[in-house]
Peer 1: 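Below is one structure. I have some questions about it.
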Amino acid sequence: MANAEHSGHGGAAAGTAGDGLGRVRAVLWLVAAVLAVRQTAAVLGRPPGERLTDLETWTGANGVLHVTGSLYDTGKFTGTPFVGLVLKPLTRAAEQSLGIAWTLGTLLLVVALGLVAARALPGRVSRRTGLLAAPVAISLLMLSLPVRNSFSLGQTSVIPVLLVLLGCLTVRSERASGVLIGVGAALQPAVLLFAPLLWFTGRRKAAVTSAGTFAGLTALTWAVMPGDSWAYWVHHVAGAGLGERADSLANQSLHGALLRFGLTGPPEVALAVLLGAAVVWLGLRRAVRYARDGQPLLAVALTGCVAVAVSPAAWQHQLLWLLPALVGRVGTRARDRLVWPAVAILVMTLPGRMLLPNMKFLAPVRENLPLIVALAAACAVPFLLRTSPYFDKPVPTEYAEAAPSRWSRVPLVPFWKRLLTRPNLLLELLAIRVGYALYSHIRLAATGGRETAEEHGRQIHSIERALGIDIERWANQAAVDTKWIADFFNFYYTSFHFMIPLTILAVLYVRRPADYRWARSSLGFATVLALIGFWFYPLAPPRLMPGLGFIDTVHGPQDLTNPDYGALTALTNQYAAMPSLHFGWSLWCGIVIVVLAPRMWMKILGLLHPLFTVCAIVATANHWVLDAVGGAVVVGTGFALTYVLAGPRRLLPRPVTPAAPVAPAAPRAPKVVAQGTAPQDEKVPSGKS
C-alpha cells in the first residue's frame, strides 16, 4: 500500500511537471508565432517601393535582370551569376504576388532553419531542452539582425545556411549532402569552405561532390552568361566591390576592417590574405576537432564564422553563421555558462552603438563587433569537448538563503535565488550598457508633445501652490542673483548624476557582491517605474514653462519654442521630468550608503548627496518639487519590489558542514625511548603547531 501510494504521488508530481512544461512550450511557440507574424507584417505593410528593396532592384520593372547587358554594370546586383540565372524566371511574376510569396517563403526557410538547428544540439539533451529548443531557436532567428535584414531586403542569405545545415546534419546520403552544399556554394562562394570540413571529418565523397557541384553550376553559368561570370569572378574578384563601399560598417569581414583602419592597396590585400589564411587554418582545425567530438552543429557554426571573416564582403544579412555557435558550452562553472550565449545573442540582435558607448577609443571595437565575435568563435573561445567532465555537469552554483520575512508570502518569487559570489563582470557591464541604451531610447520616445507637457506643468504648479510648496521661483532667483550658488549647483547637477551611482555599484561589486545584487535590482525597478512615468505623464520642467520667469542656469536663457542644449539637444527628452531620476538616483545612493556603510561619517555624507541634489534640481529650474517626490516614490517602490519578490536583504550565514567523527585509536603499549628524545608518534613537524 505504501509503495502504491508513493507511486501515485510520484505520477501526480510528474503529471504536474509535464503540464507546466507543456504550458511553457505553448507560450514559447506563441512568442515565436507572434514574432513571425510581426516580421511578415512589417515587410508587407511597407509601400511597394520601400520593401524587399534588393529583390525589387533585381527583378522589378527596371531591375538589373531586365536590363540588356551585364548584371554588374550598375553595381547594384551583389549575388553570384548563378543567383541571377536562378532569379531570371521571377522577372515574369507579378510584383505584389512575388513580394508576398518571397516573404512567406523566407519565413518558412527561417522556421526550417530553427527546427534543423534544434534537432542537432550536442550531448545528452534533457526532455525539457528537447521540447523547448525549437521555439527558442526560431524566436532568436526572428529577432536577429541578419534575418530581419534578409526579410526587409528580400535577400537569399538564409538559403545557403539552410542547405549547409541540411547537408551536414540531416541528410544521410553523402552524395545528396554534397549536392546541397555545392548548390549553397554556388549561391554564396564562401560556403565552399565546408568541403574541407567534410573531407577532414571522413566524408570525402560528400566533399568531392560538393566541390564538383559547385564547379558544374559555375561552369553552366559561364556557358550561359559568360560576360556576367567574367565580371563577377575576375573583374570584381568573387564579388568584392559590389553593393556598398567595401569599407562601410556593413562589411564585417577582415577585408572591410582593414580598409576601415586606413590600409589600402597591395599592403592591405597581402595582409588580408595572410590573416585570412591563418583564420582558415586555425578555424577549420577547431571545427574538425569539434565535429569528431560529436558536436557537428558547433563545427558548422565555426566554419561559417571562418567564411564570414575571410569573405571579401560579409554583409549583415550574411552573418547568420554566428547564431548556431550558441550551442557551444564554455566554462566549468554553471554560473559562467550564460556568458557566451548572452554575448552572441546581444551582438546578433542589437546594433553596436547600443552595446558600447559612443567613445572614440571604443570605435574600432564598436564598428567591428560582429567580426570580432566571429573571429573569437572560430579561433579563440574555449568550447568544451564532450569528453570533459564539466560538459554535462558543470560545477554547481551555491545559493544563499534569505533571512525569514515578517510576511509568510514573501518572497513572492521563491526561484529568485540569492548568490554570495560576484556576478560575471562582462555580463554585468553588458546588462548595464544595454539597459541604459533602452532607457535612453524609451525616454527619448516618450515626448508626448509640447502642449501636453506644458499643460501638465500648469497642473503641477497649481497643486504646489495649493500645498504651499511652490518654492521653485524663489530658489531659482536666489541662484541667479548669487553667482557662486549658481555655479555650485550647476556643477553638482551636471557632474554627479551618473558618477556616484556607478561608483557605489563598483564598490559593492568588489566588496559586497550579495548586497550589489540587492542594490542593483532596486535601482533597476526604480528606473523602469520612472520610464512609465515619462511615457504617461510628459511634463515641462520650470525652465521650459512660458510666462513664469524661470531661468535655465545650466544652459542659459532658452527660446522656449526651440530650446538648445548643444550636442544633446536632439538626444534628450526635455519633458521627462516626472519623476525626477536626478533626485531618485541620488536618494537610492543615500539609502544604500546609510544601510551598508560601516561608519557614521559615511552615512552622513550619503545623506548629503540627495540633499544637495534636490537643491540643485530646484535651484537650476530643471525640476518641480513634486518631481522629487515622484523620484522618492519610484525609489521606495523599487526597494519594496525587491523585498517582496526576493525577500529581505539580509542573508542567512552558510551552514558549516561538521567534520566526520574520527574513531578513537586503539590503545597501544608505551614505547621505551632514550632520555632527551620524544616518541616518534609525538614528533611535531617543523613550522607547524
Side-chain angles (χ1 to χ4, degrees), residues 402 410-413 416 418 423 428-446 460 492-493 496-509 512-539 541 572-573 575-597 603 606-614 616-618 622-650:
V410 172
L412 290 180
V413 185
W416 185 328
R418 304 282 295 277
E428 289 298 301
L429 293 176
L430 283 174
I432 290 173
R433 173 57 196 168
V434 173
Y436 181 71
L438 292 174
Y439 158 75
S440 301
H441 178 75
I442 296 173
R443 188 177 188 269
L444 183 61
I460 293 294
Y492 207 92
Y493 179 82
F496 298 115
H497 180 43
F498 295 107
M499 185 177 69
I500 293 183
L502 291 177
T503 302
I504 290 175
L505 287 174
V507 171
L508 292 179
Y509 179 87
R512 306 182 67 161
D515 288 325
Y516 166 82
R517 297 173 185 274
W518 163 77
R520 175 202 59 187
S521 300
S522 303
L523 182 63
F525 283 132
T527 304
V528 171
L529 293 171
L531 287 176
I532 297 174
F534 298 157
W535 189 274
F536 289 102
Y537 198 78
L539 174 64
T572 303
N573 178 5
Y575 302 126
M578 172 62 80
S580 169
L581 277 186
H582 252 87
F583 177 71
W585 286 0
S586 69
L587 180 62
W588 172 87
C589 295
I591 293 174
V592 171
I593 292 174
V594 167
V595 171
L596 301 179
K603 299 178 187 290
L607 290 176
L608 288 178
H609 178 48
L611 176 62
F612 285 157
T613 300
V614 72
I617 64 175
V618 173
N622 276 278
H623 283 284
W624 307 95
V625 172
L626 287 180
D627 295 346
V629 175
V633 169
V634 296
V635 168
T637 307
F639 281 110
L641 282 174
T642 304
Y643 178 87
V644 170
L645 295 177
R649 178 192 65 83
R650 188 169 61 87

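Values below: every heavy atom of this structure, side chains too, minus hydrogens, waters and symmetry copies.
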Peer 1: Quick one: CG on Leu531 to CG on Leu581, what's the gap to the nearest 0.5 Å?
Peer 2: 7.5 Å
Peer 1: Side chain of Trp588, backbone of Ala519: donor and acceptor closer than 3.5 Å?
Peer 2: yes
Peer 1: Taking the six-membered ring for Trp, are Trp585 and Phe498 parallel (under 30°), tilted (30 to 60°) or perpendicular (over 60°)?
Peer 2: perpendicular
Peer 1: Sequence neighbours excluded, which residues qualify as salt bridge (Lys or Arg N to Asp or Glu O under 4.0 Å) partners of Arg433?
Peer 2: none
Peer 1: Can you tell me how far the CD1 atom of Ile532 sits from the CH2 atom of Trp535, to the nearest 0.5 Å?
Peer 2: 11.5 Å
Peer 1: Mind checking whether His582 and Tyr492 have ring centres under 6.0 Å apart?
Peer 2: no
Peer 1: Under the side-chain contact (heavy atoms from CB on, under 4.5 Å) test against Phe583, which residue among Ile617, Val635, Val618 passes?
Peer 2: Ile617
Peer 1: Show the nearest heavy-atom pair for residues Pro541 and Tyr575, with the distance to one decimal.
Peer 2: CD-CD2, 4.3 Å
Peer 1: For a quick test of reading the model, state the closest non-hydrogen atom pair linking Ala628 to Ser580 and the distance between them.
Peer 2: N-CB, 4.1 Å
Peer 1: Search all heavy atoms of Ser522 against all heavy atoms of Phe639 and return the closest pair with its distance.
Peer 2: OG-CD2, 3.3 Å
Peer 1: To the closest 0.5 Å, what do you measure between CG (Leu529) and CZ (Phe534)?
Peer 2: 11.0 Å
Peer 1: To the nearest 0.5 Å, what is the distance between CG on Asp515 and CZ on Arg520?
Peer 2: 12.0 Å
Peer 1: Between the main-chain N or O of Val595 and the side-chain N or O of Arg649, is there a donor-acceptor pair closer than 3.5 Å?
Peer 2: no
Peer 1: To the nearest 0.5 Å, what is the distance between CG on Leu539 and CG on Leu626?
Peer 2: 9.5 Å
Peer 1: Using distance only, find each side-chain donor-acceptor pair of residues 502-509 under 3.5 Å and give its atom names and separation, not counting sequence neighbours.
Peer 2:
| residue | atom | partner | partner atom | Å |
| --- | --- | --- | --- | --- |
| Thr503 | OG1 | Met499 | O | 2.7 |
| Tyr509 | OH | Pro423 | O | 2.6 |
| Tyr509 | OH | Leu425 | N | 3.3 |

Peer 1: I'd like to know if the side chain of Thr642 pairs up with that of Ser521 as donor and acceptor (distance under 3.5 Å, no hydrogens or angles considered).
Peer 2: no
Peer 1: Measuring from Leu611:CG to Leu587:CG, what's the distance to the nearest 0.5 Å?
Peer 2: 11.5 Å
Peer 1: Who pairs with Asp627 by side chain to side chain donor-acceptor pair (under 3.5 Å), at least two apart in sequence or on another chain?
Peer 2: His623
Peer 1: How far apart are the closest heavy atoms of Pro610 and Ser586, and which atoms are they?
Peer 2: CA-OG, 3.5 Å
Peer 1: Looking only at heavy atoms, what is the nearest atom pair of Gly631 and Pro579, with distance?
Peer 2: N-CB, 3.3 Å
Peer 1: Minimum heavy-atom separation for Met578 and Gly630, please, with both atom names.
Peer 2: SD-CA, 4.2 Å
